[in-house]
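This report concerns only the one structure given below.
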Protein chains: 2
Amino acid sequence: MGPGRVVEKNMTAEMVRDIDSGRRMRGLDRAVEILDYLRKRRRPARPNEIAVDIAAPKSTTYELVDLLVNSGMLEYADKEGRVFLGRKLYFLGLAYQTQFDLTRECKSYLDQLAQATHETSQLCMLDGNKYTVAMMREGVRPFRISSDVGERTPIPWTASGRLLVAHMSDEEILDFIPAQDFILPNKSRLAPEKFLADVAQARAAQFYSFDSVADNFTHCFAAPIHQGGPISVATLCLIAPREDAARNYERYRETLIASARELSDKLGTAPVRISKAGVA
Amino acid sequence: MGPGRVVEKNMTAEMVRDIDSGRRMRGLDRAVEILDYLRKRRRPARPNEIAVDIAAPKSTTYELVDLLVNSGMLEYADKEGRVFLGRKLYFLGLAYQTQFDLTRECKSYLDQLAQATHETSQLCMLDGNKYTVAMMREGVRPFRISSDVGERTPIPWTASGRLLVAHMSDEEILDFIPAQDFILPNKSRLAPEKFLADVAQARAAQFYSFDSVADNFTHCFAAPIHQGGPISVATLCLIAPREDAARNYERYRETLIASARELSDKLGTAPVRISKAGVA
DNA sequence: GGGATTATTCCATTATAGTGGAATAGCTAT
DNA sequence: ATAGCTATTCCACTATAATGGAATAATCCC
């Protein structure tokens with residue numbers, strides 16, 4: 001970081017650009033912006049479209065897209081020159097998982113939870129300053145879940161969100177969450193104080209549950225997963241129809257907390273990685 | 001591409017560097033190199049280690065690692081400053097999948113294949129100029145598979161490899177595959193002419209199978225998956241113990257080819273994407 | 001067809017990113 | 001401690017990457 005210039009982690013490229021406006025941008029940062037943009041958009045885009053939407057110079061964008069295509073980070077998605085995230089990202093994502101115990105280990109816990117409750121179970125994490133579902137196991141009940149795997153959602157909209165920021169001070173939390181993220185899906189605004197109180201409660205109980213604000217028929221349960229330290233690296237969640245949740249509240253709660261604790265223990269005590277077998 | 005300088009697709013950064021030696025490298029390309037390096041290494045590394053292993057200037061490497069950590073593409077993996085692939089890559093990989101029909105659709109086919117044969121089924125693709133297992137469904141038999149998901153393997157070592165390059169001319173193929181990749185795991189060298197003959201046979205039959213060169217006890221079956229055009233975007237494979245393969249050869253072959261064809265049809269006829277439901 | 005609009009490529013300029021090397025900090029083993 | 005490593009940070013220099021704007025190509029709509 002250059003002197004006299006404070007750029008914090010997890011700031012969006014746009015935030016950074018605002019700070020030193022007019023300044024040239026680094027190619028690498030712009031490239032990441034392009035990838036993020038396509039991720040959010042969830043479908044291919046033309047270079048020109050990208051340039052306009054991320055407010056980058058066209059010439060730069062064309063060149064970067066070209067470079068990214070050449071390295072496999074992007075791929076042409078049709079004959080009209082549209083590009084989308086490339087195969088290389090898929091492979092890099094795979095490699096991430098093999099190293100990161102959490103995503104490896106949790107699968108069986110999600111299965112177990114879904115089996116025990118017949119509800120949908122999820123592993124949730126922060127992605128920058130947003131909440132995201134990293135993995136999901138659908139329950140038997142085929143109802144529509146509010147958010148898709150990988151979609152970035154405002155932290156205050158979610159039960160997990162309260163746990164995922166619980167290691168921060170009130171001030172840090174308000175600093176961390178973009179102001180507009182307190183606007184709920186129904187356009188009403190959640191008072192930050194209320195949110196902070198929720199967080200305090202979640203922190204004390206190491207658990208949080210509420211009626212989803214994303215729809216009108218589900219109740220969400222969340223329990224934190226720790227990895228050594230006090231910060232929640234992720235949460236395990238259950239999404240249940242409200243009647244079910246009410247009827248089985250204690251059981252769901254206990255099951256979820258037990259699973260989360262078990263998973264945390266496993267992560268904490270098994271820092272050693274299994275080395276992979278070579279080609280026979 | 002600048003005039004008088006021919007840089008082809010899928011060349012490794014090292015190959016490019018060899019061309020214009022002494023020339024400065026673009027940050028973005030170096031960054032991709034770092035990611036690839038960590039993917040290959042499969043465990044965290046210090047910046048210094050990275051710099052040495054990819055033969056990049058230390059100062060540059062430190063700076064790039066810093067930038068990549070800031071954007072979430074890398075993460076610190078321990079307190080000793082080691083970094084590894086970051087969560088963002090996982091999410092970008094997820095986004096890739098949601099868009100790319102193949103990886104979405106094939107799961108059920110892998111299950112079906114594994115179920116019908118009790119053998120291990122795989123979806124294989126090219127990653128640059130190497131072969132890679134993109135998805136795997138283990139059969140009931142718990143024997144050790146030669147290559148892991150996401151690991152890059154020389155094309156000539158694999159049955160799928162013969163199909164994945166079948167759309168190229170002989171010349172293009174030899175151009176595409178690094179010379180040293182014809183050295184088999186047992187150190188013997190596969191004659192390129194033999195390989196080209198294999199490819200021709202695979203191309204004609206739209207199928208290939210052989211006793212694995214990666215181990216001494218399996219037989220690999222591969223069938224191509226097409227997506228509109230004539231090029232094989234991927235292959236479906238079966239890995240079976242040799243006795244099993246011999247005993248069930250025709251059945252396995254037919255089942256595999258049928259699955260691959262069905263999957264190809266689905267991909268070809270369903271180019272329309274389902275738009276995702278909004279938050280309720 | 002042609003006139004307007006949008007998308008892509010080309011090009012000169014200059015701020016700065018990538019670089020080598022030197023300085024400093026951290027370890028390890030005596 | 002101290003010497004001998006290795007790892008990391010700092011710094012000045014310049015080749016070049018990012019940029020704006022102009023030129024060209026493609027697409028759309030009367």
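First the proteins, then the strands, lettered A, B, ... as listed; each starts at 1. For the numbers below, each heavy atom of this structure counts, side chains included, while hydrogens, waters and symmetry mates do not.
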Side-chain N or O of A:Tyr62 closer than 4.0 Å to phosphate OP1/OP2 of C:dT9: no
salt_bridge(B:Arg39, B:Asp127) N-O dist < 4.0 Å: yes
Gap separating the CD atom of B:Gln227 from the OG atom of B:Ser264, nearest 0.5 angstrom: 8.5 Å
Distance in Å, B:Thr61 OG1 paired with B:Lys58 NZ, rounded so as to fall on 0.5 Å steps: 8.5 Å
Relative orientation of the end axes in the helix from C:dG1-D:dC30 to C:dT30-D:dA1, expressed as an angle to the nearest 10° (five pairs per end): 50°
Gap between atoms CG and P, on A:Leu67 and C:dT9 respectively (whole Å): 14 Å
Length of the CD1-C1' vector between A:Ile50 and C:dT6, whole Å: 16 Å
A:Leu68 CG to D:dA18 P, straight-line distance once rounded to whole Å: 11 Å
Salt-bridge criterion met for A:Asp101 and A:Lys266 (N-O under 4.0 Å): no
Value in whole Å for how far the P atom of C:dT16 lies from CG of A:Asp29: 14 Å
Salt-bridge criterion met for B:Asp181 and B:Lys130 (N-O under 4.0 Å): yes
Distance in angstrom units between A:Asp78 CG and C:dA7 C1', rounded: 14 Å
Write down the protein N/O and nucleotide N/O pairs, taken from nucleotides 23-29 of chain C, whose separation is under 3.5 Å; answer none if there are no such pairs.
none

Minimum heavy-atom distance A:Asn129-A:Pro178, with the two atoms named: ND2-CG, 3.6 Å
Interatomic distance, A:Asn48 CG vs C:dT5 P [rounded to whole Å]: 16 Å
A:Arg82, CZ atom: more than 12 neighbouring heavy atoms under 6.0 Å: yes
Separation of C:dG18 P from B:Ile54 CD1 (nearest whole Å): 12 Å
From B:Asp265 atom CG to B:Ile225 atom CD1, the distance as rounded to the nearest 0.5 Å: 11.5 Å
Atom pair CG (B:Leu164) and OH (B:Tyr131), whose distance is rounded to the nearest 0.5 Å: 8.5 Å
Atom pair distance, as rounded to whole Å: CG in B:Asp66 and P in C:dA17: 14 Å
Separation between CD of B:Gln99 and CD of A:Glu75, rounded to the nearest 0.5 Å: 9.5 Å
Rounded distance (nearest 0.5 Å) linking atom CG of A:Leu123 with atom CG of A:Leu263: 7.5 Å
Nucleotide-resolved protein contact map, nucleotides 19-28 of chain D, B/S/- at heavy-atom distance under 4.0 Å: BBB-------
